[in-house]
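Here is the naming used below: chain letters follow the sequence lines, and residue numbers restart at 1 for every chain. Remember, predicted model here, so these are calculated numbers, not experimental data.
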Amino acid sequence: MDRPNTSSRRWLECWPRPWVVAGSLALVAGIGVVDYLTGLELSVTMLYLIPVAVAAWYEGIGLGLVLAGASAAAWLAADWLERGLVDRPWVLAWNTLTLAGIYSVVAVILAALKRNQDGLEATVVRRTTKLREEVGQRRQAEEALRQANEELQRAQLRLIEAAKMEAIGRLAAGVAHEVKNPLMTLSMGTDYFLHRGPAGADEAVLLRDMKEAVHRASNIVNQLLDFSKPRPLQLLPEDINGIIENALGLVRHLLSNNRIQVVRELQPQLPAAPLDRTRVEHALVNLFTNAAHAMPAGGTLTVRSVLEAGGDAAAGAAPRLAVEVEDTGTGIPPEYLSKVFEPFFTTKPTGQGTGLGLAIVHSIVRIHGGAVSLDNRPGGGARATLKFNLEPQQYPSNHAKKAHSGH
Amino acid sequence: MQKKRILVIDDEASVTRSIKLNLENVGDYEVRTENQALQALKAAREFKPDLILLDVMMPEMDGGAVAARLREVPAFKDIPIIFLTAIVSKEETKGHEAVIGGMIFLAKPMDLSELIQSVEKHLKR
């Protein structure tokens, strides 16, 4: 059964192995000897069927027929030697032929049965293999389909995001026009009174407060405008550590006012990365400001820069620059983690945050072709991670689109 | 010496009024205001200004078109025009004033000191 080629055996296609031929012929001869010695006609006659049947089953019709003939001959020899030929030679010849015929028929039937069974098995094996292949192919197709579906969903999300940004852009332009003109009137009005010289000290304070309020409102509208009007990136080979130092310099008053200690873990001699210096600085300032606001009673701000080795090239993972900004503040409630990059999402009290800080960070890193994530540190506080590619060709090319054509 | 003449064109009367009062209060200017863009050319012809403050977004005609019409008149070909716009941010103007494509822009809302600084600078030109 476990012999190779069993399934492909055909009638007489393979010659029986010689030791099998010799063995089975010896067996037939042995039975012949038993036949001669015992003279038990019928039972020994049936005994010859065993080698014939086994040979036909396992070795095919060829050896089966040979053994059928050999068995008949052995029977004839045994009978002949036992009783002599003279009294009834024709009966002996007839009996020999009959036996040879019976043995042959048994051999043919068994060989045919065996052949059928082998064919059936081969068919089953063939069909099983085919089925396995089909299942494998289907799995592959399903996997490809699943990946395509995921890509489609991602594209849809990007599309929705783009549409959202466009809507915000239109909204921003409208808001800017509708809000800034009244602000202009207020600004000019307060300036007028400031220059005229107000009646008393209280009036002077109130007027300055009004000027300050106008500035604040105007800044919020400006942030909205800057956010919604992506301008072309100006990518130059930049030293990320230098950008980090600059950004820290811009917020040093805020950090020292909040009694925040700054820890720098900057990897020296990082390769220059193609970055838009002003924008990345802007993103970092936003992150530092958020960290400072998360630590009103003081704390530690850790800024880390590191070159991340890429994975295997087949996965397309090139080395990246990673910048981590960690604070020791209150962290972010887990239910908000998925929303922090959405425009206008803020946990700060009304009037203290525009909800655009992290959205701007997200948009800046994204147009660089990078990735940004925010999570809570195991020891408390939040950690923002920015990753920038070192290869400029990985950058998107359609970010130069202006949201508005007129003023 | 004759007062410098400034024409202020903006569709919002409160804006033009506050600019007029401020300029006349702090400087030696004669200011005329116009709230209808379509009347801008007529007002300029009558007033003969030394400098024009021009709003960009106006309902009848935008500031760019008004400026183009003014520039067609030989008398106003080289007159300084300062555009007042709400749709640029301070970051874009890199300070209070921006020159984009040879045109001068001031971002609304500006401080009076910024307005005076720009006006003085371009009047001297």
Backbone of A/G189 reached by a side-chain donor or acceptor of B/S18 within 3.5 Å: no
Heavy-atom neighbours of B/R32 CZ exceed 12 at 6.0 Å: yes
Heavy-atom closest pair, residues B/L21 and A/Y192: O-CE1, 3.5 Å
Distance, nearest 0.5 Å, that separates CG of A/L194 from CG of B/N22: 9.5 Å
Trace of the side-chain contact (heavy atoms from CB on, under 4.5 Å) decision for A/N181 with B/M57: CA-CA 10 Å; A/N181 275 329; B/M57 263 173 120; over 6 Å; no
Value rounded to 0.5 Å, distance of CG in B/D55 from CE in A/M184: 9.0 Å
ring-ring contact (aromatic ring centres under 6.0 Å, His included) against B/F76, all qualifying residues, sequence neighbours excluded: none
Closest non-hydrogen atom pair between B/V15 and A/T185, with its separation: CG2-OG1, 3.4 Å
Atom pair CG (A/L183) and NZ (B/K108), whose distance is rounded to the nearest 0.5 Å: 10.5 Å
Nearest heavy atoms of B/P109 and A/K180, plus distance in Å: CD-CG, 4.2 Å
Contact summary for A/M188 and B/D111, nearest pair of heavy atoms: CE-C, 4.1 Å
